[in-house]
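Residue numbering restarts at 1 for every chain, and letters A, B, ... go by the order of the sequence lines. These figures come from a predicted structure and were not determined experimentally.
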Protein chains: 2
Amino acid sequence: MISQKAKYALRALLALAEAPENEPVFIADIAETQAIPRKFLEQILLDLKHQGLVVSRRGKAGGYLLLRSPETITFGEVMRIIEGPLAPLPCLSKMAYRKCEDCTDEKSCRIRRVFAGVAEATRVVLDGTTIADAIASDKSGQVRRSIAS
Amino acid sequence: MISQKAKYALRALLALAEAPENEPVFIADIAETQAIPRKFLEQILLDLKHQGLVVSRRGKAGGYLLLRSPETITFGEVMRIIEGPLAPLPCLSKMAYRKCEDCTDEKSCRIRRVFAGVAEATRVVLDGTTIADAIASDKSGQVRRSIAS
DNA sequence: TCATAAGTCTATTAAACAGATAGAGTTGAA
DNA sequence: TTCAACTCTATCTGTTTAATAGACTTATGA
């Protein structure tokens, strides 16, 4: 199961992507329209900012904006920022490989071999789908991935 | 990431599948060969027993045996017993559907639409791969799914 | 028959994590 | 210079994970 935090992050990014361009959106507005606890959302947006997905303006006419275009932000990238590695085993992560604690021989690990298929399929979907794709799917009812797998 | 408990369960089942047929294996032996904390393994095997994957014999010449043949036990089934639903969102689970807490309209949920792809791919792999497949992959180095997707 | 060695069951624990909340601080426009 | 925005760090509560504990039941065989 994906975390509530990840859902919130994705919802917030979808909301920002749909806002008029170059017009910052208040945290408070996102929180209200997306039904996200405001203080929790602050932390999430701060994370996304530190990772370069969004920018903020301070002061009275402040708010958040997407830094990169929705076509370039993938679900995979967001999930990695919020949840950590996509892979179901540390030894299957491409971005954050770690040896499994008690694993003696990776090559012969049968569990690893099976879950490698899950990991790959997950990557194909999440790294292949952008925020823009998700918004476009609203009209078509189908998610068309814009990034070749 | 899958839990340590799920890894232990799969390792235990692989060990049982490889033991001589109709010869019960002691918990202590599995614990030792698979490097699983013994008391923890007891709980896991008890779960698997309650779910009808294994049987036990008590008393001096006791131990555990696979109840069903390794060709009929899928990774998906084991994961569901140990971890619960495979799906990344409750509203995407086929076996244990639940509405997402804060979801107003499932049909229009863009996050759901994207993760539906992940859920389906995960099911194809895990419900399509059996304990026997994983053991066979040892020889070939490749996991061949025996269940049509 | 009864000691022993096996599984059974329920409770407890410690540490980590998830989700959320709190509050003092900084910034910039009116 | 005030005020409404974002920033940062800390804290809290409940749940989950991984593991441990211990009393109990059952079957074998000396």
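The stretch residues 3-24 of chain B touches DNA chain D through B/Ser3, B/Gln4, B/Lys5, B/Tyr8, each having a heavy atom under 4.0 angstrom from the strand. Residues from residues 47-64 of chain B placing a heavy atom under 4.0 Å of any atom in DNA chain C, listed by number, are B/Lys49, B/His50, B/Ser56, B/Arg57, B/Arg58, B/Gly59, B/Lys60, B/Gly63, B/Tyr64. A heavy atom lying under 4.0 Å from DNA chain D marks none of the residues of residues 76-102 of chain B. A heavy-atom distance below 4.0 Å to DNA chain D is reached by these residues of residues 32-41 of chain B, ordered by number: B/Pro37, B/Lys39, B/Phe40.
Residues satisfying the side chain to side chain contact (heavy atoms under 4.5 Å, CB included) test with A/Glu101, not counting sequence neighbours, are none. With sequence neighbours excluded, the residues that form a salt bridge (charged side-chain N to carboxylate O under 4.0 Å, His left out) with B/Glu120 are B/Arg123.
Under the ring-ring contact (aromatic ring centres under 6.0 Å, His included) criterion, the residue pairs touching residues 3-29 of chain B are B/Tyr8-B/Phe40, with sequence neighbours excluded. Sorted by first then second residue, the ring-ring contact (aromatic ring centres under 6.0 Å, His included) pairs that include residues 100-134 of chain A, not counting sequence neighbours, number zero. Listed by first and then second residue, the ring-ring contact (aromatic ring centres under 6.0 Å, His included) pairs involving residues 47-104 of chain A amount to none (not counting sequence neighbours).
The side-chain heavy atoms of A/Leu126 and A/Val78, taken from C-beta on, include no pair separated by under 4.5 Å. For the pair B/Pro90 and A/Met1, the minimum side-chain heavy-atom distance is below 4.5 Å. Here the side chains of A/Leu16 and A/Ile131 are not in contact, with every heavy-atom distance at 4.5 Å or above. Between B/Leu14 and A/Ile111 there is a side-chain heavy-atom pair separated by less than 4.5 Å. At a threshold of 4.5 Å between non-hydrogen side-chain atoms, the residues B/Arg145 and B/Val124 count as touching.
B/Ile27 comes within 4.0 angstrom of sugar-phosphate atoms only, judged by non-hydrogen atoms across all strands, and of no base.
The separation between A/Met1 atom CE and D/dT17 atom C1' is 17 Å, rounded to whole Å.
A distance of 9.0 Å separates SG in A/Cys109 from CG in A/Asp102, rounded to the nearest 0.5 Å. Taking CG from B/Leu13 and OG1 from B/Thr130, the interatomic distance works out to 11.5 Å, rounded to the nearest 0.5 Å.
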Contacts under 3.5 Å, N or O only, protein and nucleotides 11-14 of chain D:
none

Could you list the donor-acceptor pairs under 3.5 angstrom formed between side-chain atoms of residues 27-38 of chain B and any protein atom two or more places apart in sequence or on another chain?
from: B/Thr33; atom 1: OG1; to: B/Asp29; atom 2: O; distance (Å): 3.1
from: B/Thr33; atom 1: OG1; to: B/Ile30; atom 2: O; distance (Å): 3.4
from: B/Arg38; atom 1: NE; to: B/Glu42; atom 2: OE2; distance (Å): 3.1

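Electrostatic pairing of A/Asp127 and A/Lys94 does not count as a salt bridge here, judged by no charged N lying under 4.0 Å from a carboxylate O. Remark: A/Glu106 does not engage A/Lys99 in a salt bridge, criterion side-chain N to carboxylate O under 4.0 Å.
Scanning DNA chain C 5' to 3' for nucleotides with an atom closer than 4.0 angstrom to a non-hydrogen atom of chain A gives a first and last hit of C/dG19 to C/dG28.
By the criterion of side-chain heavy atoms lying less than 4.5 angstrom apart, applied directly or through intervening Ile, Leu, Val, Met, Phe, Trp or Tyr residues, A/Leu67 is not grouped with A/Leu53; the two fall into different hydrophobic clusters.
Across B/Ala6 and B/Met79, no two heavy atoms sit closer than the pair CB-SD, 3.8 Å.
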